[in-house]
There are 2 protein chains.
Amino acid sequence: MSKCEQCIIREFNSLKTLTKDELIRITGCKTSKTVKKGEVLFDEGEHINGVFCIKDGVCKVSKMSDNGRDQIIHLIQKGDILGERSLINNEASNLKAIAINDMEVCFIPKDEIIRDLENNPNFSLDLLRKMANSLKKADDVIVDMAQKTVKQRLATTLLFLEAKFDKNENGSIKVNLSREDIANIIGTATESAIRLLSEFKKKKLIDLKGKEVFILNVKALKDLSEGF
Amino acid sequence: MSKCEQCIIREFNSLKTLTKDELIRITGCKTSKTVKKGEVLFDEGEHINGVFCIKDGVCKVSKMSDNGRDQIIHLIQKGDILGERSLINNEASNLKAIAINDMEVCFIPKDEIIRDLENNPNFSLDLLRKMANSLKKADDVIVDMAQKTVKQRLATTLLFLEAKFDKNENGSIKVNLSREDIANIIGTATESAIRLLSEFKKKKLIDLKGKEVFILNVKALKDLSEGF
DNA sequence: CAGAAAAGCTGACAATTATCATGTTTTAAA
DNA sequence: TTTAAAACATGATAATTGTCAGCTTTTCTG
């Protein structure tokens with residue numbers, strides 16, 4: 001079993017504020033596991049009872065709307081932690097997480113994290129800052145969803161993906177989303193998303209090779225996303 | 001000047017976790033002020049440099065979209081605190097707050113709150129819980145904005161207002177929103193909001209007397225908001 | 001109180017977006 | 001490898017929503 005105190009991944013998230021002793025204790029109680037593409041990490045209404053630290057891979061975090069369509073709210077990748085919110089407010093998850101490619105994750109049981117949260121103010125303050133930041137980003141998403149057209153939101157989303165994920169050797173964005181996934185991020189019908197992707201391709205803003213997406217014209221996408 | 005340690009308002013928010021000594025110190029450095037209807041508490045891009053505790057009145061908290069329309073993201077009322085996020089991540093506000101009726105607020109300077117945050121784990125943990133909860137609510141808003149029709153969102157919003165605010169003696173919701181405000185909560189054109197309000201009134205789901213809104217049929221609104 | 005400005009309302013029409021239908025391509029399982 | 005299922009793509013059409021225009025009512029200001 002790999003040791004948390006030697007794991008570089010934690011430098012990307014709030015776990016970096018834990019002391020060496022705390023990390024050693026976490027090593028002793030955490031579990032590592034592989035999650036295959038398509039597998040559910042946790043479902044809506046489920047008690048997570050801990051926190052995931054993502055070592056590799058990507059998952060989509062979504063919520064079912066009353067209308068019966070899934071809305072993808074977050075994409076979580078290497079370095080991120082997952083489940084901290086349900087842990088803090090001690091409730092069942094309001095979200096569902098599904099791997100979109102094979103993942104390597106560590107799972108830290110609830111009680112251990114709570115203990116650190118209560119005893120290490122660096123940890124709780126860092127988490128507080130992280131949450132304040134997430135709330136700010138959520139504001140932006142709400143405004144975009146409420147005010148932008150589907151075309152603007154697609155442009156916004158493509159730029160977001162470009163910024164968030166690494167590139168493959170051929171220059172495509174290193175994330176494996178289906179057209180339906182993209183539609184569920186934007187909040188539109190799959191057909192509408194496909195149509196607009198085709199339009200963007202025709203206008204040379206992007207290129208598409210199967211599921212691979214290449215961003216060709218950032219400036220034009222930015223203008224589009226801002227309504228010009 | 002009124003004393004924080006005797007103020008009942010703090011029981012409604014995270015300030016309730018402060019000790020008597022901390023409250024006495026806050027009393028010494030806080031300022032009380034009246035904000036008239038229409039006045040700006042803080043604007044986008046402004047450094048707030050502290051936290052507001054709302055003693056009376058309501059304000060709308062909004063963000064300008066790229067398209068140039070304001071989106072109202074929160075309604076803040078008596079008992080709420082305001083500005084804690086910008087304080088925690090030490091950035092300028094991404095939001096703008098305007099009073100929608102006359103308000104009584106207290107303002108606590110940044111350094112004093114930060115001090116309590118670092119020294120009183122009850123306070124920081126309570127704030128953390130509050131933020132985790134806000135994030136959960138933000139998820140719901142994102143899903144609604146992304147997936148629901150304007151009609152569904154209006155129904156959702158009316159139920160939200162009904163639940164959040166007290167009633168006037170005649171039974172109307174005790175909040176003074178213009179039609180434009182309502183449209184800016186829902187994320188639609190003012191004309192669309194007006195049209196749907198008229199439709200709801202015609203169908204006896206609500207009644208309207210000027211700016212006063214009366215909820216007549218909660219069940220029907222709930223069904224509508226869920227897409228039936 | 002009068003006049004001006006703002007807010008509210010409604011109709012007509014245009015633009016956007018969803019839905020349904022159908023065919024093609026890709027993926028995954030036997 | 002074959003075959004079935006899923007994903008992708010596009011057209012046609014309907015429903016939703018936005019925009020503009022014109023009018024009425026309410027609110028604000030001097």
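This one's a predicted model, so the numbers in the text were calculated from it and none came from an experiment. Computed over heavy atoms, backbone and side chain alike; hydrogens, waters and symmetry mates excluded.
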Can you check the [X] [atom1] to [N] [atom2] distance for me, whole Å?
X	N	atom1	atom2	result
A:F200	D:dT10	CZ	P	15 Å
A:R179	D:dA7	CZ	P	12 Å
B:E212	C:dG8	CD	P	14 Å
A:N176	D:dA7	CG	P	13 Å
B:L154	D:dT17	CG	C1'	14 Å
B:E180	D:dT27	CD	P	16 Å
B:L197	D:dT17	CG	C1'	15 Å
B:I186	D:dG18	CD1	P	10 Å

Please tell me whether [X] and [Y] have a donor and an acceptor in their side chains that are separated by less than 3.5 angstrom.
X	Y	result
A:N67	B:Q152	yes
A:E44	A:S93	no
B:N170	B:S172	yes

**OP:** Might you confirm whether atom NZ of A:K78 has over 12 heavy atoms from other residues, nucleotides or ligands at distances under 6.0 Å?
**Re:** no

**OP:** Indicate whether OP1 or OP2 belonging to D:dA6 is found under 4.0 Å from a side-chain N or O atom of A:S178.
**Re:** no

Original post:
Could A:R195 and A:E199 be called an ion pair, given the rule that one side-chain N must be under 4.0 Å from one carboxylate O?
Top reply: no

**OP:** Heavy atoms under 4.0 Å is the rule here; annotate nucleotides 12-30 of chain C 5' to 3' with B where the base is hit, S where only the sugar-phosphate is, and - elsewhere.
**Re:** B----SBBB----------

**OP:** Would you please name every residue forming a salt bridge (charged side-chain N to carboxylate O under 4.0 Å, His left out) with A:E39, sequence neighbours left out?
**Re:** none

